[in-house]
Amino acid sequence: MKRIFEVDPWKVTTHEFSKEDKRLQESITAIGNDYMGMRGNFEEGYSGDTLQGTYLAGVWFPDKTVVGWWKNGYPKYFGKTPNAPSFIGIGITVNGEKIDLAKVKFSDFELSLDMHQGLLSRSFIYEGKDVKVKFEFERFLHIVQKEAALIKVKATVLKGEAKIDFDSTLDGTVVNEDSNYDERFWIPLGENKDTKTIQVKTKPNPYEVPQFTVLLQESLRHNGELIQTEASTKEAKLSEKFSVELSEGQSYELEKDVIVITSRDVEEKDQASVAEDLMNKLQSKSFEENLADHTAEWQKRWDMSDVEISGDAAAQQGIRFNIAQLFMTYYGEDERLNVGPKGFTGEKYGGATYWDTEAYIVPMYLGITDPSVTKALLQYRHNQLPGAYHNAKEQGLPGALFPMVTFNGIECHNEWEITFEEIHRNADIPHAIAMYTEYTGDDSYVKNEGMDVLVGTARFWAARVHWSKWRNKYVMHGVTGPNEYENNVNNNWFTNTMARWLLKYTLERLPLATKEAQERVHVTEEEKEKWQDIVDKIYLPEDKKLGIFLQQDDFLDKEIRPVSEIEDQRPINQHWSWDKILRSPFIKQADVLQGIYFFPENYTKDQKEKNFDFYEPLTVHESSLSPSIHSVLAAELGKKDKAVELYERTARLDLDNYNNDTVDGLHITSMSGSWLAIVQGFAGMRYDHDQLKFKPFIPDNWDHYSFKINYRGRLIKVYVDHQETKISLLEGKDLEILVNDKKVMLKEGESECLKD
């Protein structure tokens, strides 16, 4: 497998510029600060193949759903994040030749993302006629002052004389690559060459979705000093042009400071004055001082979250890259936000929220962030319950149906087999309530707001199943499980299992809810009896001869053969017709095994082993969410080599472009998978019935690994090598845990060493 970036524990660096891999490089060097983000585009512009992309958290547009055959209940619009006005532009011309790496001669190229501080840097030597100039770029999106972006370019003349013309721009004329006929989502509101601002607004829509106004302001520093430069404007664009003349050996630094304000936080009429105040605050410190503040905040995050691996630099780089990209996308500081599958790194999936957050992000964030971060994710769904009730009504059903894809709680995905059939999400999302409650020991949410979610979704499930006289069971038809290479199936085991869990858990928690919550949800005795009847009698397909749970009815009618027989045809979604995929036995991602992963305590080791041995060889892992679940289960079953193989896939999915689709953007919501594979997989961490447990092992080629977790007000460090496991209670009250089924008492400031 070709690696376009070098292996380094803390950096993602390349010294090669490949026009063919330009989009891939842009995806991998994307940066963000959970307020805004951007792909690794070049400040000076690039005329070759590129995907220009800047995105603002929570700013979206409802694009009209267009389908050949309209079905009742179809979402009226498809939500997408519009490509935001570009603010990184610094056009450069040397002695009359425009710097464009698609056209000019250059050498000594370097592109690097420093994961420790979210700093993107780039350099190259331009080789013109009788002149050589080295250009060095740095940029970061401030995680302390969220509205601020800082960009610096340094020019050093290595040979000859250079007249360098700069053109710093704010550009609101951008389009999305998937727009119809270069359709623009932004309308200009005004430009001000005195304050160096532009203001734009998303175009009107007929769906009562608010329009978003965005104001951008720039200010330039020349060799560290503020100097006013003449600006010019035209519709939705601002330009500051100026020149410097340098002799051999001389250098010049240009710093571009940018403030971005959206109407999510500041009303349109107040944006200019707020931006001015924020710019003054930003420029009260130098670039270096701002970077120091930014880096210090990053250090706090790494102190809690870093996973250290010794002996395998590629594995180390992979997990740090994933953690860094997750934190650049979301850190729980705004409960109106969630985590999109591509984050700020591309247009695919429209920047919306999927069920990925609850299934994959929550288990990791519980361990490495303050509980308030996860609680913000729970509150996000509670805030959108009205939309969930709307979605269920569109299907002619009572209760609440959380959307597959959303910005505001209302479904905005227009593929029938996903939108209307992949309804397992309606239990996966509430499952996060149970994870939060059990991990933190805090039941205040499930007793109050969480009960609204549980009862709303329970009412949907109770109506979505139907009674089969033939089976004498409740069944569920016309669904799509996590394996999206199967559509419109009957009795998907995972979906039925999750519906059963949701009803059972709701019945268990209901008597413990606050009096106010019980009165608010008003569950009747008749409803409780119906829910319990479904719990007792729902059909869960299995094949007793093989000892497996059936993914869905008739799955064994397929021509069962392993993925190893089609290695030359993978990924099949890029080689086969959809019809051929649907008829094949091949599985996109964990389906039955996803259910076993969610509820490991419910199944015996023999059940887990038989299902893993049957389904994993059929799985093509063409969903980025797949490898981590299989790695965790493989580790639990003692399949060490398979666990490590799938860890490597999830840790380096984007860095090594496993699925040949990272050009579209990173797989942000699957990036927690590398952490899950180590902590839940290699270290065997589990928690149930107020008991924290570990069953560690270490990959053969690693020397040691360590990580920290935040558990119920305690900070715990786990260290594993080939001789021992050492668990330390860094902060908090004494805690009894289980390690390899043996009781261990942890005391603050002390470590317990267990020999392997």
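Residues: numbered from 1 along the sequence shown. Computed from a predicted model, the values in this text were never measured in an experiment.
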Chi angles and distances behind the side chain to side chain contact (heavy atoms under 4.5 Å, CB included) call for L582, Y485 = CA-CA 6 Å; L582 291 175; Y485 288 175; 5.6 Å; no
I548 vs E542 side-chain heavy atoms within contact, under 4.5 Å | no
Is the W702 ring parallel, tilted or perpendicular to the Y647 ring (thresholds 30°, 60°)?
-> perpendicular
Any chance you could lay out the side chain to side chain donor-acceptor pair (under 3.5 Å) test for H667 and D661, step after step, and finish with the verdict?
-> CA-CA 9 Å; H667 298 82; D661 61 359; 3.2 Å; yes
Salt bridge between E622 and K588, side-chain N to carboxylate O under 4.0 Å?
-> no
Which distance, rounded to the nearest 0.5 Å, do you find between the CD of E601 and the CZ of F599?
-> 7.5 Å
Within-4.5 Å side-chain heavy-atom neighbours: M498 and W461 | no
Might you point out which heavy atoms bring F460 and A392 nearest each other, and give the distance in Å?
-> CD1-CB, 4.0 Å
State the CG-NZ distance between L507 and K528, to the nearest 0.5 angstrom.
-> 8.0 Å
Aromatic rings F586 and W576: how do their planes relate, parallel, tilted or perpendicular, breaks at 30° and 60°?
-> tilted
Can you measure from CG (L593) to CD1 (I629) and round to the nearest 0.5 angstrom?
-> 9.5 Å
Check whether the side chains of Q589 and S626 place a donor and an acceptor atom closer than 3.5 Å, and report yes or no.
-> no
Under the side-chain hydrogen bond (donor to acceptor under 3.5 Å, both in side chains) test, residues paired with D690 that sit two or more places apart = R712
Do the non-hydrogen side-chain atoms of E616 and L646 ever get within less than 4.5 Å of each other?
-> yes
Is it the case that more than 12 heavy atoms not belonging to E565 sit under 6.0 Å from its CD atom?
-> yes
Check whether any side-chain heavy atom of V373 sits under 4.5 Å from a side-chain heavy atom of Y330, and report yes or no.
-> yes
salt_bridge(E527, K530) N-O dist < 4.0 Å | no
Residue of the set F494, F555, Y603, F614 for which ring-ring contact (aromatic ring centres under 6.0 Å, His included) holds with F549 = Y603
Yes or no on salt bridge (Lys or Arg N to Asp or Glu O under 4.0 Å) for K639 and E609, after CA distance, side-chain angles and deciding distance?
-> CA-CA 10 Å; K639 301 176 186 292; E609 189 128 35; 3.2 Å; yes
With a cut-off of under 6.0 Å to the ring centre and 45° to the axis, is R471 in cation-pi contact with Y539?
-> yes
Could you pull out the closest heavy-atom pair between E421 and N487, with the gap in Å?
-> OE1-C, 4.2 Å
Going by the angle between their ring planes, with limits at 30° and 60°, are F694 and F707 parallel, tilted or perpendicular?
-> tilted
Taking only residues two or more places apart in sequence or in another chain, which ones pass side chain to side chain contact (heavy atoms under 4.5 Å, CB included) with T329?
-> V339, I668
Would you give the length of the straight line joining atom OG of S27 to atom CG of N657, rounded to the nearest 0.5 angstrom?
-> 8.5 Å
Please name the pair of heavy atoms, one in I361 and one in L326, separated by the smallest distance, quoted to 0.1 Å.
-> CD1-CD2, 3.5 Å
Flag side-chain contact, heavy atom, 4.5 Å: W675 against N322 | no
Might you work through the side chain to side chain donor-acceptor pair (under 3.5 Å) test for Q384 and H390, ending with a clear yes or no?
-> CA-CA 10 Å; Q384 295 185 352; H390 167 85; over 6 Å; no
Criterion salt bridge (Lys or Arg N to Asp or Glu O under 4.0 Å) on R381 and E449, from CA distance to verdict = CA-CA 10 Å; R381 297 294 189 177; E449 300 102 312; over 6 Å; no
Do other residues, nucleotides or ligands put more than 12 heavy atoms under 6.0 Å from the NZ atom of K558?
-> yes
So which of K642, K605, R686 actually passes salt bridge (Lys or Arg N to Asp or Glu O under 4.0 Å) with E636?
-> R686
Between H477 and N491, does a side chain to side chain contact (heavy atoms under 4.5 Å, CB included) hold up when you go through it step by step?
-> CA-CA 6 Å; H477 286 188; N491 294 312; 4.2 Å; yes
Is it the case that S624 and S670 place a side-chain donor and acceptor less than 3.5 Å from each other?
-> yes
Which heavy atom in I698 sits nearest to a heavy atom in V720, and how many Å separate them?
-> CD1-O, 3.6 Å
Given side chains that start at C-beta, do those of I410 and P403 come closer than 4.5 Å, heavy atoms only?
-> no
Looking only at heavy atoms, what is the nearest atom pair of T662 and L653, with distance?
-> OG1-O, 4.1 Å
Candidate pair Q552 and N490, rule side chain to side chain contact (heavy atoms under 4.5 Å, CB included), full reasoning | CA-CA 6 Å; Q552 71 263 347; N490 294 335; over 6 Å; no
When rounded to the nearest 0.5 Å, the distance separating CD of E394 from CG of N72 is 9.0 Å
Report the C-alpha distance between R3 and D656 in whole Å, list the side-chain angles of each, state the deciding distance to 0.1 Å, and finish with yes or no for salt bridge (Lys or Arg N to Asp or Glu O under 4.0 Å).
-> CA-CA 6 Å; R3 283 181 177 164; D656 291 342; 3.0 Å; yes
Quick one: which of Y436, Y597, F598 gives a ring-ring contact (aromatic ring centres under 6.0 Å, His included) with H431?
-> F598
Any T480 side-chain heavy atom under 4.5 Å of N488 side chain | no
K375 atom NZ, neighbour heavy-atom count above 12 within 6.0 Å | yes
Presence of salt bridge, D536 and R500, under 4.0 angstrom | no
For Y705 and A683, the nearest pair of non-hydrogen atoms, with its separation, is OH-N, 3.5 Å
Hey, is D741 close enough to K695 for a salt bridge, meaning N to O under 4.0 Å?
-> yes
Does a salt bridge link R425 with E411, judged by any charged N lying under 4.0 Å from a carboxylate O?
-> yes
Gap between atom OG1 of T440 and atom OH of Y687 - 0.5 Å precision = 9.5 Å
Check the angle between the aromatic planes of W501 and Y505 and answer parallel, tilted or perpendicular using the 30° and 60° thresholds.
-> parallel
Are the side chains of Y354 and H413 in touch, meaning some heavy atoms are under 4.5 Å apart?
-> yes
Could you please spell out the steps behind the salt bridge (Lys or Arg N to Asp or Glu O under 4.0 Å) verdict for K640 and D700?
-> CA-CA 9 Å; K640 194 172 179 178; D700 293 338; 3.0 Å; yes
Would you check, one step at a time, whether the test side chain to side chain contact (heavy atoms under 4.5 Å, CB included) holds for R509 with L512?
-> CA-CA 5 Å; R509 298 300 318 195; L512 305 175; 4.0 Å; yes
Report the C-alpha separation of N492 and H424 in whole Å, then their side-chain angles, then the decisive distance to 0.1 Å, and conclude whether the side chain to side chain donor-acceptor pair (under 3.5 Å) test is met.
-> CA-CA 9 Å; N492 171 257; H424 62 81; over 6 Å; no
